[in-house]
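Here the structure is laid out as structure tokens; the discussion comes afterwards.
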Amino acid sequence: MQDRVIGVDLGGTKILAGLVDRDGAIEARREVETPVRSQEALLEALGAIVETLLDDSVAAVGFGVPSQIDQRAGRTGLAVNIPLGNLPFRDLYAQRFGRPVALENDANAAAYAEFAAGAGRGSETMAMLTLGTGVGGGIVLDGRLYRGWAEVGHLVVEYDGPPCQGSCTGRGHLESFCSGHAAGELARRLYGPPATAVELCAAAREGDRAAADALDLLGRRLGAGIGSLVNLFDPDVVVIGGGFGVGAFDLVVPPAREVVRREALAPAGADVRIVPATLGEDAGLVGAGLLAFDSIS
């Protein structure tokens with residue numbers, strides 16, 4: 001019996017792929033830079049990285065992709081930060097690889113991994129926010145991944161606020177305020193063009209008041225978004241992932257908790273746990289692999 005799949009996590013800067021077993025363990029991995037010059041180059045890079053791992057033991061392939069997904073048709077939709085448009089993604093790669101292909105939004109895939117094998121293990125209902133280049137997220141309801149429209153990074157937290165990034169036409173979205181990109185912008189306003197989100201966090205930890213205040217406000221806006229998720233879904237736990245989310249967790253989550261307690265209806269606001277993700281950059285890869293197993297079970 002085939003007991004391995006390939007999970008692929010397509011990110012704005014890199015593509016991760018790996019052989020995944022049924023427990024979510026990664027047996028081998030590959031990494032390449034994400035080509036952003038054209039859709040054709042991107043699709044070829046995805047196919048090529050999978051083929052470096054493909055053998056007779058592989059039962060299916062799962063992709064986590066940072067775009068809107070039409071699950072019924074297996075199509076990708078709008079992608080904000082990479083050159084990927086509306087195309088029959090699932091059928092395209094099922095034909096190329098000769099195996100079933102699972103397709104999911106990358107943040108949904110990461111949420112599923114954290115629920116099944118990470119920080120959300122043991123919960124029944126879980127929300128996840130990934131704070132990276134953008135802000136993504138996923139929802140698990142009563143033990144099942146919600147596979148519909150879950151663009152939680154585009155929750156509106158300030159009417160007519162700053163423009164969202166990439167091809168999004170909205171304003172005042174959670175992504176506008178709480179992404180690693182947004183934190184980098186705060187750093188550059190304070191310290192000049194070379195500054196980064198990492199430097200902003202380091203300055204706050206060293207006692208820089210301006211840096212601490214900037215991250216406090218970012219955290220409070222994050223709390224407004226979390227409060228909305230709590231009011232909608234009453235999760236047992238909210239998992240914060242992404243490179244910036246985990247790296248700045250100690251700086252942005254305490255003010256976020258204060259806002260959640262105020263904005264979320266009792267007793268959910270006080271009861272919900274907010275915890276850092278534990279699977280790191282492997283979450284999207286593992287989640288894509290676990291969804292590939294689901295597609296053949």
Side-chain angles (χ1 to χ4, degrees), residues 5-17 32-51 54 60-113 128-130 132-139 145-156 163-176 179 181 242 283-285 287-292 294-296:
V5 297
I6 294 172
V8 183
D9 180 28
L10 171 58
T13 58
K14 61 187 174 184
I15 302 169
L16 299 176
V32 297
E33 184 177 341
T34 301
V36 295
R37 62 186 180 276
S38 69
Q39 178 172 274
E40 292 72 22
L42 177 62
L43 294 176
E44 181 52 37
L46 287 170
I49 197 171
V50 168
E51 287 167 350
L54 201 59
V61 181
F63 287 90
V65 178
S67 78
Q68 300 162 357
I69 304 293
D70 179 343
Q71 285 293 345
R72 192 169 298 172
R75 300 182 71 91
T76 53
L78 174 68
V80 173
N81 297 308
I82 58 171
L84 186 66
N86 189 333
L87 76 158
F89 190 101
R90 189 166 58 207
D91 289 346
L92 179 72
Y93 285 112
Q95 183 176 23
R96 176 164 178 166
F97 304 138
R99 288 163 175 80
V101 167
L103 175 64
E104 188 51 83
N105 173 269
D106 61 335
N108 281 359
Y112 191 55
M128 182 171 179
L129 285 168
T130 57
T133 304
V135 175
I139 308 293
L145 178 67
Y146 174 68
R147 305 193 71 179
W149 202 269
E151 292 286 352
V152 296
H154 296 277
L155 285 169
V156 179
C164 204
Q165 62 193 49
S167 60
C168 178
T169 60
R171 303 181 72 92
H173 293 183
L174 195 62
E175 184 165 293
S176 305
S179 65
H181 176 80
L285 187 166
L290 293 174
L291 289 165
D294 286 354
S295 74
I296 57 176

Checklist entry - Would you say the side chains of Asp294 and Tyr112 form a donor-acceptor pair under 3.5 Å? => result yes
Checklist entry - Which value, rounded to the nearest 0.5 Å, describes the distance between Ile69 atom CD1 and Asp106 atom CG? => result 8.5 Å
Next on the checklist: Any non-hydrogen side-chain atom of Leu10 less than 4.5 Å from a side-chain atom of Pro66?
Outcome noted: yes
Item to check | Pair Asn105-Val65, side chain to side chain contact (heavy atoms under 4.5 Å, CB included): steps then yes or no | outcome: CA-CA 5 Å; Asn105 173 269; Val65 178; over 6 Å; no
Next on the checklist: What I'd like to find out is whether the side chain of Val5 reaches to under 4.5 Å of the side chain of Val61, using heavy atoms alone.
Outcome noted: no
Next on the checklist: Can you confirm whether Leu145 sits close enough to Ile139 that some side-chain heavy atom of one is under 4.5 Å from a side-chain heavy atom of the other?
Outcome noted: no
Next on the checklist: I'd like to know if Arg96 and Glu44 make a salt bridge, using a cut-off of under 4.0 Å between side-chain N and carboxylate O.
Outcome noted: yes
Next on the checklist: For Ser176 and Arg171: C-alpha separation, side-chain torsions, deciding distance, then whether side chain to side chain contact (heavy atoms under 4.5 Å, CB included) applies.
Outcome noted: CA-CA 7 Å; Ser176 305; Arg171 303 181 72 92; over 6 Å; no
Item to check | Result of checking Leu16, Ile15, Leu46 against Val32 for side chain to side chain contact (heavy atoms under 4.5 Å, CB included) | outcome: Ile15
Item to check | Gly153 versus His173, closest heavy-atom pair with distance | outcome: O-CB, 3.8 Å
Checklist entry - Would you say the side chain of Ser38 lies within less than 4.5 Å of the side chain of Pro83, judging by non-hydrogen atoms? => result no
Checklist entry - Are the side chain of Arg90 and the backbone of Gln71 linked by a donor-acceptor contact shorter than 3.5 Å? => result yes
Checklist entry - Mind checking whether Thr76 and Asp70 have side chains closer than 4.5 Å, heavy atoms only? => result no
Checklist entry - Just wondering, do Arg147 and Leu291 contact through their side chains at under 4.5 Å, heavy atoms? => result yes
Next on the checklist: So does Gly11 get a backbone contact from the side chain of Thr34, meaning a donor-acceptor N/O pair under 3.5 Å?
Outcome noted: yes
Next on the checklist: Between Arg75 and Asn86, is there a side-chain donor-acceptor contact under 3.5 Å, judged purely by atom types and distance?
Outcome noted: yes
Next on the checklist: I want to check something: taking the side chain as every heavy atom from C-beta on, are Val101 and Phe63 in contact at a cut-off of under 4.5 Å?
Outcome noted: yes
Checklist entry - Is atom CD of Gln95 surrounded by more than 12 heavy atoms (other residues, nucleotides or ligands) closer than 6.0 Å? => result no
Item to check | Closest non-hydrogen atom pair between Ala109 and Gly64, with its separation | outcome: CB-CA, 4.4 Å
Checklist entry - How far apart are the closest heavy atoms of Ala113 and Ala283, and which atoms are they? => result CB-O, 3.2 Å
Checklist entry - Considering all heavy atoms of both residues, which atom of Gly137 and which atom of Ala107 are nearest to each other, and what is their separation? => result N-CB, 3.0 Å
Next on the checklist: Tell me whether Gln39 contacts the main-chain N or O of Gly85 through its side chain, where contact means a donor paired with an acceptor under 3.5 Å.
Outcome noted: yes
Next on the checklist: On a heavy-atom basis, which atom in Gly62 and which in Ala292 lie closest, and how many Å separate them?
Outcome noted: N-CB, 3.6 Å
Item to check | Spatial distance of atom CG (Leu84) from atom CG (Leu43) [nearest 0.5 Å] | outcome: 6.5 Å
Next on the checklist: In the structure I gave you, are the side-chain heavy atoms of Gln165 and Ser179 within less than 4.5 Å of one another anywhere?
Outcome noted: yes
Item to check | Flag, side chain of Glu175 to backbone of Val152, donor-acceptor distance under 3.5 Å | outcome: no
